[in-house]
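Beneath this line is the structure, given in structure tokens, with notes to follow.
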Amino acid sequence: MENQVLTPHVYWAQRHRELYLRVELSDVQNPAISITENVLHFKAQGHGAKGDNVYEFHLEFLDLVKPEPVYKLTQRQVNITVQKKVSQWWDRLTKQEKRPLFLAPDFDRWLDESDAEMELRAKEEERLNKLRLESQGSPETLTSLKKGYLFMYNLVQFLGFSWIFVNMTVRLFILGKESFYDTFHTVADMMYFCQMLSVVETINATIGVTKSPVIPSLIQLLGRNFILFIIFGTMEEMQNKAVVFFVFYIWSTIEIFRYPFYMLTCIDMDWKVLTWLRYTVWIPLYPLGCLTEAVAVIQSIPIFNETGRFSFTLPYPVKIKVRFSFFLQIYLIILFLGLYVNFRHLYKQRRRRFGQKKKKIH
């Protein structure tokens with residue numbers, strides 16, 4: 001009677017240029033791994049689901065691959081890397097449409113195509129930046145200067161927003177609700193300083209000093225500065241309203257977690273509690289911040305209508321008066337669109353950092 005062929009559990013993931021296979025076998029001995037006629041052949045002695053036995057499997061790939069697999073043995077598994085002949089995204093791993101029973105996605109390494117493209121672009125940007133640095137001078141020196149510059153910038157912003165947060169918190173405990181109405185006159189100067197300095201973040205992203213995407217950074221910069229300089233800064237009637245407290249408090253709460261995280265990143269430190277907070281507190285705070293900013297805009301509309309500030313009349317023969325409140329109503333729509341863009345960006349960041357539960361993929 002012919003012996004039954006035992007197959008191990010195999011998990012796979014891909015990038016545009018590579019395939020990753022993880023074979024669940026421990027204490028592997030004498031592995032025979034090769035690719036012939038675009039078929040991966042695996043055979044090894046090891047401990048798997050059926051105990052200590054010889055396990056083997058064959059996989060015919062969907063498209064052409066290079067016939068030199070690279071593998072690494074660990075105590076618990078065998079990791080195999082296969083190079084694709086053409087850099088492209090595959091719809092599935094095998095030529096046969098029905099997935100073999102022993103094969104499943106490796107969710108620890110799984111990315112969808114859009115995320116893989118972002119990773120590819122990031123690697124390419126890193127390679128180009130490295131070449132640029134090598135052509136300009138000592139990479140170590142330039143990298144140290146960049147890290148020092150970013151560390152100091154984030155430190156200054158952290159101290160500024162911390163001062164705002166602590167000041168508002170102490171006043172809230174001492175004065176209670178009365179502190180709501182003079183928030184602007186108490187902390188506005190520091191908020192002006194921090195928000196004007198935040199222009200540096202968008203510049204850093206634009207010129208490649210940081211890897212942050214430009215659009216989300218620009219949206220936050222323009223949105224906050226519009227609220228601060230136009231809605232609050234130009235209208236004294238708005239400066240005594242309670243909404244100022246909530247807008248400033250939410251902004252500063254977000255930043256006292258964000259900036260120290262970036263500071264530690266500059267010196268290659270990872271404090272897990274802070275990392276979790278940086279990638280989590282935005283979930284309730286960004287929508288709340290957007291809501292408070294919208295309330296501020298809505299409260300300012302009748303004031304702008306009454307004062308006529310920033311309103312204008314179109315020249316002859318039209319002679320139609322265009323109220324600034326019309327643009328504020330448009331801005332409310334843009335505000336929530338901006339929230340969606342930033343929320344989507346931050347969600348992707350969090351998913352890449354911590355992973356997520358994914359549905360079974362066939």
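Since this is a predicted model, take the numbers as computed values, not measurements. The first residue of the sequence shown is numbered 1, and numbering continues consecutively from there.
- The stretch residues 181-205 participates, sequence neighbours left out, in these ring-ring contact (aromatic ring centres under 6.0 Å, His included) pairs: Tyr192-Phe229.
- With 3.5 Å as the limit, one finds a donor-acceptor pair spanning the side chains of Gln88 and Asp63.
- Of the listed residues (Leu264, Leu346, Ile254), just one forms a side-chain contact (heavy atoms from CB on, under 4.5 Å) with Arg278, and that residue is Leu346.
- Aromatic rings from Phe257 and Trp282 are positioned such that their centres are separated by 6.0 Å or more.
- Of the N and O atoms on the side chains of Thr210 and Asn204, not one donor lies less than 3.5 Å from an acceptor on the other residue.
- Ring centroids of Tyr286 and Phe343 are separated by 6.0 Å or more, keeping the two rings apart.
- The cationic group of Arg309 does not satisfy the cation-pi geometry with Phe304, failing either the under 6.0 Å distance to the six-membered ring centre or the 45° limit from the ring axis.
- Without hydrogens or angle criteria, Asn53 side chain to Lys50 main chain gives a donor-acceptor distance under 3.5 Å.
- Checked for salt-bridge contact, Lys147 and Asp268 meet the test: a charged N lies under 4.0 Å from a carboxylate O.
- No side-chain N or O of Asp27 forms a donor-acceptor pair with one of His47 less than 3.5 Å apart.
- Classification of Glu18 and Arg15 as a salt-bridged pair fails, no side-chain N sitting under 4.0 Å from a carboxylate O.
- There is no side-chain donor-acceptor pair under 3.5 Å between Ser217 and Ser212.
- Between Met168 and Val187, some side-chain heavy-atom pair lies under the 4.5 Å cut-off.
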Point to revise | Working for side chain to side chain contact (heavy atoms under 4.5 Å, CB included), residues Tyr259 and Leu155 | key: CA-CA 7 Å; Tyr259 285 116; Leu155 174 61; over 6 Å; no
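- Between Tyr262 and Phe158, the distance separating the two ring centers is not shorter than 6.0 angstrom.
- Contact annotation: the side chain of Leu19 approaches that of Phe61 to within less than 4.5 Å [non-hydrogen atoms, C-beta and beyond].
- Between Phe180 and Phe245, the angle of the ring planes lies from 30° to 60°, which puts this pair in the tilted group.
- Residues Thr292 and Tyr249 bring no donor and acceptor atom of their side chains to less than 3.5 Å of each other.
- Each salt bridge (Lys or Arg N to Asp or Glu O under 4.0 Å) pair with one or both residues in residues 158-186, not counting sequence neighbours, appears once here: Arg171-Asp182.
- Classified by interplanar angle (parallel below 30°, tilted 30° to 60°, perpendicular above 60°), the ring pair His58/His41 is perpendicular.
- Within a 6.0 Å radius of CH2 in Trp271, no more than 12 heavy atoms belonging to other residues, nucleotides or ligands are found.
- Formation of a donor-acceptor pair under 3.5 Å by the Thr74 side chain with backbone atoms of Gln77 is found in this model.
- When side chains are defined from C-beta on, Leu21 does not count as touching Asn79, because their heavy atoms never get closer than 4.5 Å.
- Tracing side-chain contacts under 4.5 Å through hydrophobic residues (I, L, V, M, F, W, Y), one never reaches Leu197 starting from Val214; they form parts of separate clusters.
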